[in-house]
Amino acid sequence: MKRYTFPFWAAILVTVLAFAACKPEPDPPVAPSATFQLEFAVKWGANNLALSQKYMAPDGRNYQIDVLKFFVSRLALLTPTDSVVNVDDVALVDLYRANSNIVSGAVPKGTYTGLRFNIGLDYDLNHSNQTSYATDHPLSTTTGMYWTWASRYVFTMIEGRADTTGGHPEEIFLYHSGADSLVRPMEFRNLNIVLGDKETKKHTLTFDLQKVFWGANDTINITLDPNTHTLDNPSLASRVTRLIVGAIQ
């Protein structure tokens, strides 16, 4: 039997170590160097929506929106290879707060072909400890979006009035939806978002409140369905949630 001398084994070991040393290191994560902004342009039909103003609806009645709040969570951008780049975990759009309709975050420069987010909160966010958040955090109880009696968050809140005679708004409607089953993912593809180094770029989606009442396949009659706090009327909460998703384009 052929015997190998020590120098032979030493040479093999040196060769193996040399190959190991030449193995390329994985690329380090790319540091965020740009800013992405997602803007929700809130409208009533062709008009920019202002709170507590009267707007004519397709049925000839005047509608007035007094409260509009909704959570946007897990906002992320999609790369051409479908990698997911997180932008922001959670934000609260509140038309009474200036600039809250813009959700933003730092991301690496590059080209992105899509975006995704949730309307509402996933299980982890919805079941988080509300007392652990600072007062300026979107999930703080100071936002008025937490049901203490249910120990859960309100995902979407629409309140307002509509007239019954074609005159001044007087009939009140309240739509508060929030439950684990009502979080709704949204995704937009075939985009071309190119972010350069230290560049800020905005993508705008339109949220047409009129379509919450007159959707493509559903119409809410506020006389028959004036309010829901989800548990008292879960079917209406589900309808409102579905119509909200359909109103964002």
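- With contacts defined as side-chain heavy-atom distances shorter than 4.5 Å, the pair T143/D94 does not qualify.
- Q37 has its side chain out of reach of V103: every pair of non-hydrogen atoms, C-beta onward, lies at least 4.5 Å apart.
- With no hydrogens or angles considered, a side-chain donor-acceptor pair links S177 and T156 at under 3.5 Å.
- Annotation: side chain of Q64 is in contact with side chain of D66 (closest heavy-atom distance under 4.5 Å).
- Aromatic ring orientation, F173 versus Y63: tilted (interplanar angle from 30° to 60°).
- Residues Y112 and F36 keep their aromatic ring centres 6.0 Å or farther apart.
- For D82, the salt bridge (Lys or Arg N to Asp or Glu O under 4.0 Å) partners two or more places apart in sequence, or in a different chain, are R189.
- Taking a 6.0 Å sphere around CG of D232, one finds it holds more than 12 heavy atoms contributed by other residues, nucleotides or ligands.
- Formation of a donor-acceptor pair under 3.5 Å by the T241 side chain with backbone atoms of A237 is found in this model.
- Membership of the apolar cluster around F71 extends to V67, V90, L92, L121, L125, Y133, L139, M145, Y146, W147, W149, Y153, V154, F155, M157, L182, V183, L231, as traced through chained side-chain contacts below 4.5 Å between ILVMFWY residues.
- None of N233, V245, D225, I220 except one satisfies the side chain to side chain contact (heavy atoms under 4.5 Å, CB included) rule with V240; the exception is I220.
- In terms of modelled atom types and a separation under 3.5 Å, the side chain of N101 and the main chain of V93 share no donor-acceptor contact.
- Of the residues N86, D88, D122, N118, the one that meets the side chain to side chain donor-acceptor pair (under 3.5 Å) test with R74 is D122.
- Residues F213 and T219 have side chains not in contact (no heavy-atom distance under 4.5 Å, counting atoms from C-beta outward).
- Side-chain N/O atoms of T206 and D208 include no donor and acceptor closer than 3.5 Å.
- Aromatic ring centres of F207 and W44: separated by at least 6.0 Å.
- Side-chain contact between D180 and H127 is present, with at least one heavy-atom pair separated by less than 4.5 Å.
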